[in-house]
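First listed ligand is number 1; within each ligand, the first listed atom is number 1.
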Amino acid sequence: MARVWLGVIEHFKEILPITEKTPVITMYEGNTPLIKAENLEFKIKKEYNVKLNIYLKYEGANPTGSFKDRGMTVAISKAKEENAKVVICASTGNTSASAAAYASKANIRCIVLIPKGAIALGKLSQAVMHGAEVFAVEGNFDEALKLAKEISTKYPVTLVNSLNPHRIEGQKTASFEIIEQLGFVPDYQFMPVGNAGNITAYWKGYKEFYEGKLPSLKVKRDKLPKMMGFQAEGAAPIVRGKPIKNPKTIATAIRIGNPASWEFAEEARDESKGVIDTVKDKEILNAYYLLSSLEGVFVEPASAASVAGLLKYVKIGYFEKKQNVNVVCILTGHGLKDPDCAITTAKKYVKIKTIKPDIKSIVKQLNLS
Ligand code: AN7
């Protein structure tokens, strides 16, 4: 009989802070596709003569369309266990969508603080549809997070941003899942960096695997991947070495100027001998369209920072002497999150033609023979 997937807590409870008393609030998140990017591999081989094995971890396939669900199932389950009545988060969009959904399932009030006018339409739609109490803060994400933190320390309200350690615990399951799907540990992991919770969680997961956690996972524990994190050029505090007051990027999810998990991200970079670097908005949008048109994988702009980073490192000759390495790119959120950006970007490549409703007028415009 086929094995049924019941979410990351059920599958990974051995490595999570879960007891018999924890009410499991799940929407069967996790178990997302790891897709071999053959067309992208071919393009890179042809244009740069570099042979890579590229795998796309499509986290947009989670129930609310982003990787946040892995951490949220644990954070909300623990909040429920601790009898919390209200949760709060600041968010560039995906955290709020996920928190709102899981809180509604748990019958917990959810307060959401978003930077006014700076989150993608799909994410805002989710937060309001799941019944969250949404406040648009006249300020950026960093200011909203400061507010959320303060409210959670002064009132009986649980913070479910990635400062909440249960979020990191849940998100680390993605490392184990990738290893399980591949049957080996990848050599490189490329990913976007915003508030830096995800790179922190992945690195924790890879290290725990290396140290022997989850012994039922029978894969050689022989190495750790290099963590390759990418910030948008206009929102790159870790790369610049100082907070950015007014972060700017088309990738609103990672428009963050003072990441909460800054030091952990640096630790992941240094311990793994990886990098945290920048990608330009133009490179993000290029990778964004490439992924959907070449691989059939529609992501939101922030997610494309991983592949933009990979292409940047291919171009600068980083892989020249290292052929046939295994690279995983984390695609953090679904493309439908940000339809405005999709329409604007695709206009450069595809023109929608208007036609009369008869076959002649279509055929005239098609080159089918
Ligand atoms: C699609 O939702 O910070 O480095 O408030 O939505 O762990 O912050 C989202 C971040 C990458 C960066 N890709 O992850 C939020 C929020 C997508 C994201 C990131 C986010 P972190």
Q: Could you identify the single nearest non-hydrogen protein atom to atom 10 (C) of ligand 1 and state the distance to 0.1 Å?
A: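 The protein heavy atom lying closest is Lys68 NZ, 3.2 Å.
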Q: Under 4.0 Å from a heavy atom of Thr95: which atoms of ligand 1 are those, numbered in the order shown and with their elements?
A: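 Close to Thr95: 2 (O), 5 (O), 15 (C), 16 (C).
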Q: Students should be able to answer this: which protein heavy-atom is nearest to atom 18 (C) of ligand 1, and at what distance?
A: Ala253 CB, 3.5 Å
Q: Does ligand 1 have a heavy atom under 4.0 Å from the side chain of Lys337, from its backbone, from both, or from neither?
A: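 Neither; no heavy atom under 4.0 Å.
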Q: At a 4.0 Å cut-off, with the gap strictly under it, does some heavy atom of Ser66 reach an atom of ligand 1?
A: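 False for this residue.
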Q: Is it the side chain, the backbone, both or neither of Ala196 that has a heavy atom closer than 4.0 Å to ligand 1?
A: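 Within the 4.0 Å criterion, Ala196 contacts ligand 1 through backbone atoms alone.
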Q: Who else is in Ile254's hydrophobic cluster (ILVMFWY, side-chain heavy atoms under 4.5 Å, direct or via others)?
A: none
Q: Quick check: closest heavy atoms across Ser96 and Ala127, and the distance to 0.1 Å?
A: OG-CB, 4.3 Å
Q: What do you reckon, are the aromatic ring centroids of Phe319 and Tyr188 less than 6.0 Å apart?
A: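 Ring-ring flag for Phe319/Tyr188: true, centres closer than 6.0 Å.
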Q: Would Arg255 and Phe141 count as a cation-pi pair here, with the cationic atom under 6.0 angstrom from the ring centre and within 45° of the axis?
A: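 No, Arg255 does not lie over the aromatic ring of Phe141.
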Q: Before we go on, tell me: are the rings of Phe190 and Phe230 under 6.0 Å apart, centre to centre?
A: yes
Q: Looking at non-hydrogen atoms alone, which of Thr252, Leu113, Ile256, Asn198 comes nearest to atom 7 (O) of ligand 1?
A: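 Heavy atom nearest to atom 7 (O) of ligand 1 belongs to Asn198.
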Q: Can you sort out which atoms of ligand 1 are near Thr92, meaning under 4.0 Å from one of its heavy atoms?
A: 2 (O), 3 (O), 5 (O), 9 (C), 15 (C), 16 (C)
Q: Show me which atoms of ligand 1 lie under 4.0 Å from any heavy atom of Ser91.
A: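 The atoms of ligand 1 under 4.0 Å from a heavy atom of Ser91 are 2 (O), 5 (O), 15 (C).
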Q: Considering only NZ, NE, NH1 and NH2 on the basic side and carboxylate oxygens on the acidic side, decide whether Lys204 and Glu169 come within less than 4.0 Å.
A: yes
Q: Can you list the atoms of ligand 1 that are under 4.0 Å from a heavy atom of Gly197?
A: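 Ligand 1 atoms under the 4.0 Å threshold to Gly197: 4 (O), 7 (O), 21 (P).
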Q: I need the nearest protein heavy-atom contact for atom 17 (C) of ligand 1: residue, atom name and distance, please.
A: Thr332 OG1, 3.3 Å
Q: What do you reckon, does Met191 put a non-hydrogen atom under 4.0 Å from ligand 1?
A: no
Q: Considering heavy atoms of the protein only, find what lies nearest to atom 8 (O) of ligand 1 and give residue, atom and distance to 0.1 Å.
A: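 The protein heavy atom lying closest is Asn195 N, 2.7 Å.
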Q: Around atom 14 (O) of ligand 1, find the nearest protein heavy atom and jot down its residue, atom name and distance.
A: Phe67 CZ, 3.5 Å
Q: Can you pull out the closest protein heavy atom to atom 6 (O) of ligand 1? Residue, atom name and distance to 0.1 Å, please.
A: Asn94 ND2, 2.7 Å
Q: Restricting to side-chain contact (heavy atoms from CB on, under 4.5 Å), what partner residues turn up for Ile35, sequence neighbours left out?
A: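 Counting only residues at least two positions away or on another chain, Ile35 forms a side-chain contact (heavy atoms from CB on, under 4.5 Å) with Pro33, Leu56, Tyr58, Val297.
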Q: Report the relative orientation of the aromatic rings in Tyr288 and Phe298; use parallel for angles under 30°, tilted for 30 to 60°, perpendicular for over 60°.
A: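 Because their plane-to-plane angle lies in the 30° to 60° range, the rings of Tyr288 and Phe298 count as tilted.
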Q: Given that the side chain starts at C-beta and the backbone is N, CA, C, O, which of these parts of Ile254 lies under 4.0 Å from ligand 1, counting heavy atoms, or is it both or neither?
A: side chain
